[in-house]
J.: 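This is the structure I want to talk about, given as structure tokens.
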Number of protein chains: 2
Amino acid sequence: MGKGLPKRSEDYSQWYNELVKKADLAEHSAVRGCMVIKPYGFSIWEKMQAALDKMFKDTGHANAYFPLFVPKSYLSKEAAHVEGFAKECAVVTHYRLKNAEDGSGVVVDPEARLEEELIVRPTSETVIWNTYKNWIQSYRDLPLLLNQWANVVRWEMRTRLFLRTAEFLWQEGHTAHATRQEAIEETIQMLNVYAEFAEKHMAMPVYKGVKSESERFPGAVDTYCIEALMQDGKALQSGTSHFLGQNFAKAFDVKFADKDGKLEHVWGTSWGVSTRLMGALIMAHSDDDGLVLPPKLAPIQVVIVPIFKSAEQLEAIRGVVNNLEAELKALGISVKFDDRDTNTPGWKFAEYELKGVPVRMAIGPRDLENGTIEVARRDTKAKEVVNVSDVVQKVQQLLEDIQQNIYNKAFDFRESMTNKVDTYEEFKSVLDEKGGFILAHWDGTAETEEKIKEDSKATIRCIPIDAPEEEGKCVYSGKPSSRRVLFARAY
Amino acid sequence: MGKGLPKRSEDYSQWYNELVKKADLAEHSAVRGCMVIKPYGFSIWEKMQAALDKMFKDTGHANAYFPLFVPKSYLSKEAAHVEGFAKECAVVTHYRLKNAEDGSGVVVDPEARLEEELIVRPTSETVIWNTYKNWIQSYRDLPLLLNQWANVVRWEMRTRLFLRTAEFLWQEGHTAHATRQEAIEETIQMLNVYAEFAEKHMAMPVYKGVKSESERFPGAVDTYCIEALMQDGKALQSGTSHFLGQNFAKAFDVKFADKDGKLEHVWGTSWGVSTRLMGALIMAHSDDDGLVLPPKLAPIQVVIVPIFKSAEQLEAIRGVVNNLEAELKALGISVKFDDRDTNTPGWKFAEYELKGVPVRMAIGPRDLENGTIEVARRDTKAKEVVNVSDVVQKVQQLLEDIQQNIYNKAFDFRESMTNKVDTYEEFKSVLDEKGGFILAHWDGTAETEEKIKEDSKATIRCIPIDAPEEEGKCVYSGKPSSRRVLFARAY
């Protein structure tokens with residue numbers, strides 16, 4: 001089987017690119033750096049959105065919508081923020097085109113220059129805190145717990161579908177609080193929401209931690225993150241949650257009166273995940289034959305392929321399948337019956353394998369005689385012939401098993417790829433021979449972090465949130481360290 | 001009661017503006033022409049999206065996502081299209097800012113000028129048809145039935161919240177077909193989907209029709225629309241569905257091989273509704289005390305206000321309400337129990353009236369003794385004391401009644417405001433004294449249409465889709481006409 005994908009072991013990067021295209025997930029558009037998310041890919045993203053949106057609402061957040069454009073002067077109000085985003089942003093300078101005088105088409109109308117340039121939002125802290133200034137006067141207005149689903153633009157020079165694109169889709173939560181403690185609790189709560197989503201829905205285990213200063217979000221006091229492991233041994237940052245302190249409140253002068261009427265600056269958080277999660281999902285589980293999707297995010301959970309030589313046989317099969325389909329749908333399971341006669345069963349098997357459909361059923365004339373149906377699972381490729389009367393229960397069980405099995409496999413892989421090392425020699429040899437996560441002591445300086453990065457291409461992914469205190473010596477400098485941090489080469 | 005809104009009869013326009021702000025629906029942002037959609041307003045939009053999205057999927061469409069940016073040269077490929085959109089578009093010319101040499105902040109980096117300017121999409125026909133070119137080779141690839149939910153930008157000089165903003169949210173469907181007939185059927189199908197949504201969900205009756213040539217979408221062969229009537233007697237175009245013929249297929253060279261292998265250009269449609277529907281919803285039903293929302297789109301369908309003087313009384317009330325809430329929620333009814341002690345019942349009554357919550361219940365100590373609860377409906381303001389044991393059934397019935405009543409009221413109003421006139425004198429006097437829709441004969445020329453518009457500010461809203469043939473004379477020119485068309489002053 002297989003649809004002519006490169007093998008992961010031969011060229012992981014090419015395997016990823018081809019898989020994204022062949023499975024109809026996304027493609028590059030004619031606009032440099034921007035992608036087209038194709039219907040099949042988008043339907044996976046919709047499932048992610050629905051699950052996340054519910055989790056946000058269950059934790060008390062509401063959705064809103066803020067403008068696409070950020071006035072240039074806003075970006076500058078927070079020093080680290082402008083430093084972080086000014087170098088890679090799309091700038092709107094004019095609001096009109098006109099016909100060229102030489103008849104060569106349309107050109108920018110120089111008379112329609114904006115007084116102040118607008119930046120296409122790379123993130124919305126500045127626009128939102130400028131708005132919060134008007135919404136927050138008193139402690140009664142707090143906490144303010146909002147989220148938006150939006151597109152953002154960061155002008156990336158080297159792009160890869162889902163992983164790094166100039167325009168991407170994401171959600172960005174922006175909350176405001178009366179106390180430092182409450183804002184920190186919110187930051188951690190949303191980190192936990194992301195981790196739960198990654199593990200329960202994406203079947204992807206993650207490490208939770210806090211970034212070192214050099215990897216911090218521009219404008220944050222602390223950036224928390226979840227880090228996942230891809231099958232090539234590289235890490236992928238899958239979500240971030242920022243404790244903003246009072247930085248944006250001060251930049252935009254957002255104050256509230258506490259119960260005693262005293263004015264104080266508001267405390268903030270922001271947190272986001274993006275279509276990058278699509279890349280993580282693909283790379284965490286898929287194999288040389290195509291996508292492997294966790295049932296909770298699969299747009300089609302079960303596909304039924306009829307095997308027939310005549311219209312009569314197909315009609316007989318349809319009789320069995322109609323009931324089955326209805327029963328499965330009543331249980332909330334998404335089913336597709338692919339009765340096209342333009343493609344062979346073999347072609348269909350390969351197609352749904354490529355698309356990562358968790359359960360495939362096949363039913364032919366002999367099954368009709370025997371009252372059976374063949375049930376195959378995508379993750380292990382195990383097949384089984386089941387009585388039609390048992391198949392609904394079988395499928396329910398299989399979907400749960402597959403979700404769990406995919407997670408277990410990824411978890412075991414990550415465990416086997418997480419290594420404690422105590423010397424820099426070992427650090428480099430593990431990195432080169434095996435990859436994965438390395439738990440090592442670090443002296444806490446940006447200088448050492450940078451030197452390790454330059455020398456090994458490994459970065460500090462995070463300081464794990466539950467890292468135990470442990471006396472040790474920095475693998476690079478030999479200076480004292482009190483806990484291990486997580487290194488990896490990363491996407 | 002009332003929250004200090006202007007009266008509709010005194011200043012309809014000001015009433016609308018104030019209502020949008022006071023009911024927490026939206027506000028102007030610091031970015032000229034762009035709005036902030038506030039959480040309460042956005043939750044109504046989310047309900048609209050959910051209902052529409054389901055209707056699109058039920059008619060076979062899938063969602064996808066295409067880039068925000070349109071290369072300038074794409075716009076020019078369809079002559080009418082560039083003519084229609086070039087004059088009011090946001091143009092990205094640079095991809096980087098840098099620190100000003102005089103230390104005054106960040107400025108556009110002149111070295112980071114784009115080779116080709118990018119337009120922030122005003123609509124996506126060009127980007128999408130350029131993509132379809134690669135997706136469509138054979139009749140087997142057709143029909144292609146896609147939709148996207150997105151933000152778009154049209155640089156409007158005069159803006160009004162929801163009704164006309166530089167950036168707005170919308171959905172745009174883009175379909176490709178093998179035959180002219182099939183594309184026309186799709187265009188009409190989506191027009192009917194919009195009409196059904198307007199009538200069944202928004203409780204807003206609409207006329208369906210086709211636009212005159214001068215009001216056609218730039219690049220379309222025919223533009224179909226739904227037109228609704230606002231309470232001030234002005235019409236509001238609430239959705240459009242375009243038959244594109246082969247215009248975009250020719251502009252982007254999109255051909256398919258039919259069953260005989262013959263290459264033909266593809267036939268197209270596009271259709272959209274936007275956050276403008278929020279404006280329509282507000283203006284169609286609301287009154288001097290605030291929003292009136294149809295239950296199907298109300299984020300909170302039922303609010304329960306406790307009337308208490310002590311914590312003990314509140315606890316006793318909570319005992320009754322908890323059960324009630326659970327029962328209502330189990331039926332899919334959204335309920336809010338507002339037990340805050342920071343506001344009086346009277347303040348809360350006015351607040352939920354302003355917010356358009358369809359059903360309000362109040363329960364106090366006397367109700368506890370009697371086993372009753374007071375139930376009030378927002379639309380008619382009728383109140384009734386009901387036994388607690390009957391209240392769930394009562395609420396279910398009320399929500400249905402309110403949905404129907406709001407529709408009936410709007411329908412009766414529209415009927416009373418739709419007048420046939422046969423002379424231009426009458427045309428003008430009906431328009432000035434009464435407003436509303438006018439059914440009148442028109443000679444079919446753009447010249448007459450333009451003259452009527454200049455003189456009376458009324459435009460042809462549409463040629464009704466079911467307009468009967470009827471011999472007559474144009475009210476303006478006296479030339480022969482074979483059917484009446486629908487005129488109105490419009491938003």
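Reminder, nothing fancy here: chain letters follow the sequence lines and each chain counts from 1.
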J.: Using the rule given for side chain to side chain contact (heavy atoms under 4.5 Å, CB included), can you reason through Asn151(B) versus Tyr65(A), listing the C-alpha separation, both sets of side-chain angles and the distance that settles it, and then say yes or no?
T.: CA-CA 10 Å; Asn151(B) 53 344; Tyr65(A) 188 76; 3.2 Å; yes

J.: Check the orientation of Trp155(B) and Tyr95(A). Use parallel for under 30°, tilted for 30 to 60°, and perpendicular for over 60°.
T.: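 Trp155(B) vs Tyr95(A) ring planes: parallel.
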
J.: Quick one: pull up CD in Glu83(A) and CG in Asn99(B) and give me the separation to the nearest 0.5 Å.
T.: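 One finds 6.0 Å between CD of Glu83(A) and CG of Asn99(B).
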
J.: What part of Leu68(A) gets closer than 4.5 Å to chain B, counting heavy atoms only: side chain, backbone, both or neither?
T.: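 For Leu68(A), the contact with chain B is made by backbone and side chain together.
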
J.: Side chain from CB out, backbone as N, CA, C, O: work out which of these in Glu116(B) comes under 4.5 Å of a heavy atom of chain A, or both, or neither.
T.: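 Interface part for Glu116(B): neither.
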
J.: Using heavy-atom distances under 4.5 Å, tell me whether Thr93(A) contacts chain B through its side chain, its backbone, both, or neither.
T.: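 Interface part for Thr93(A): both.
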
J.: Within the structure provided, determine whether Val127(A) and Ser29(B) are in side-chain contact (heavy-atom separation under 4.5 Å).
T.: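 The answer is no, as the side chains (C-beta and beyond) never meet within the 4.5 Å cut-off.
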
J.: Find the distance between NZ (Lys98(B)) and NZ (Lys87(A)) and round it off to the nearest 0.5 Å.
T.: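 The NZ atom of Lys98(B) sits 13.0 Å away from the NZ atom of Lys87(A).
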
J.: In terms of heavy-atom proximity below 4.5 Å to chain A, should Glu88(B) be classed as side chain, backbone, both, or neither?
T.: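 The backbone, not the side chain.
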
J.: Which answer fits Gln148(B), side chain, backbone, both or neither, if we ask what part of it has an atom under 4.5 Å from a heavy atom of chain A?
T.: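 Neither part, no heavy atoms under 4.5 Å.
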
J.: Below 4.5 Å, heavy-atom pairs only: which of Asn63(B), Val31(B), Thr342(B), Leu146(B) has the largest tally toward chain A?
T.: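 Ranked by heavy-atom pairs under 4.5 Å with chain A, first place is Asn63(B).
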
J.: Please list, in residue-number order, every residue in residues 162-169 of chain B that has a heavy atom less than 4.5 Å from any heavy atom of chain A; write 'none' if there are none.
T.: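 The stretch touches chain A at Glu167(B), Leu169(B).
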
J.: Between Leu118(B) and chain A, with a heavy-atom cut-off of 4.5 Å, which part of the residue counts as in contact: side chain, backbone, both or neither?
T.: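 For Leu118(B), side-chain heavy atoms alone lie under 4.5 Å from chain A.
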
J.: Considering only heavy atoms, which portion of Ile128(A) lies under 4.5 Å from any heavy atom of chain B: side chain, backbone, both, or neither?
T.: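 The answer is neither part of Ile128(A).
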
J.: For Glu115(A) and Arg32(B), run salt bridge (Lys or Arg N to Asp or Glu O under 4.0 Å): C-alpha distance rounded to whole Å, both residues' side-chain angles, the deciding distance at 0.1 Å, then the answer.
T.: CA-CA 11 Å; Glu115(A) 278 179 44; Arg32(B) 217 191 53 78; over 6 Å; no

J.: Do other residues, nucleotides or ligands put more than 12 heavy atoms under 6.0 Å from Arg340(A) CZ?
T.: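 Enclosed: over 12 neighbouring heavy atoms sit under 6.0 Å from CZ of Arg340(A).
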
J.: Is there a donor-acceptor pair closer than 3.5 Å between any side-chain N or O of Lys38(A) and the backbone N or O of Ala64(B)?
T.: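 Judged by distance alone, no pair lies under 3.5 Å.
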
J.: Measuring heavy-atom distances to chain A, does Asp53(B) have an atom under 4.5 Å in its side chain, in its backbone, in both, or in neither?
T.: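 Only the side chain of Asp53(B) comes within 4.5 Å of chain A.
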
J.: With a 4.5 Å cut-off on heavy-atom pairs, point out which of Ala90(B), Ala62(B), Cys34(B), Cys89(B) contacts chain A the most.
T.: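 The answer is Cys89(B).
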
J.: For Lys57(B), does the NZ atom have more than 12 heavy-atom neighbours from other residues, nucleotides or ligands under 6.0 Å away?
T.: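 Above 12, so yes.
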
J.: With respect to chain A, which residue among Val82(B), Val108(B), Val92(B) yields the maximal number of heavy-atom pairs within a distance under 4.5 Å?
T.: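 Winner by heavy-atom pair count: Val92(B).
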
J.: Under 4.5 Å from any heavy atom of chain B, what part of Val120(A) do you find: side chain, backbone, both or neither?
T.: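 For Val120(A), the side chain is the part near chain B, not the backbone.
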
J.: Listed by residue number, which members of residues 130-138 of chain A have a heavy atom under 4.5 Å from any heavy atom of chain B?
T.: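 So far as heavy atoms go, Asn130(A), Thr131(A), Trp135(A) are the residues that approach chain B to under 4.5 Å.
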
J.: Identify which part of Val153(B) has an atom lying under 4.5 Å from any heavy atom of chain A, answering side chain, backbone, both or neither.
T.: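 Side chain only.
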
J.: Taking every heavy-atom pair that is under 4.5 Å apart, which of Trp45(A), Phe69(A), Tyr40(A) has the most such pairs with chain B?
T.: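 Looking at each of Trp45(A), Phe69(A), Tyr40(A) in turn, Phe69(A) comes out on top.
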
J.: Give, as side chain, backbone, both or neither, the part of Tyr74(A) having an atom under 4.5 angstrom from any heavy atom of chain B.
T.: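 The side chain, not the backbone.
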
J.: Quick one: pull up CG in Leu97(B) and OG in Ser76(A) and give me the separation to the nearest 0.5 Å.
T.: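 Separation between the atoms: 8.0 Å.
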
J.: Starting at CH2 of Trp149(A), measure out to CH2 of Trp149(B) and round the result to the nearest 0.5 Å.
T.: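 Between Trp149(A) CH2 and Trp149(B) CH2, I get 15.5 Å after rounding to 0.5 Å.
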
J.: Heavy-atom distance under 4.5 Å to chain A: side chain of Lys77(B), backbone, both or neither?
T.: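 The answer is neither part of Lys77(B).
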
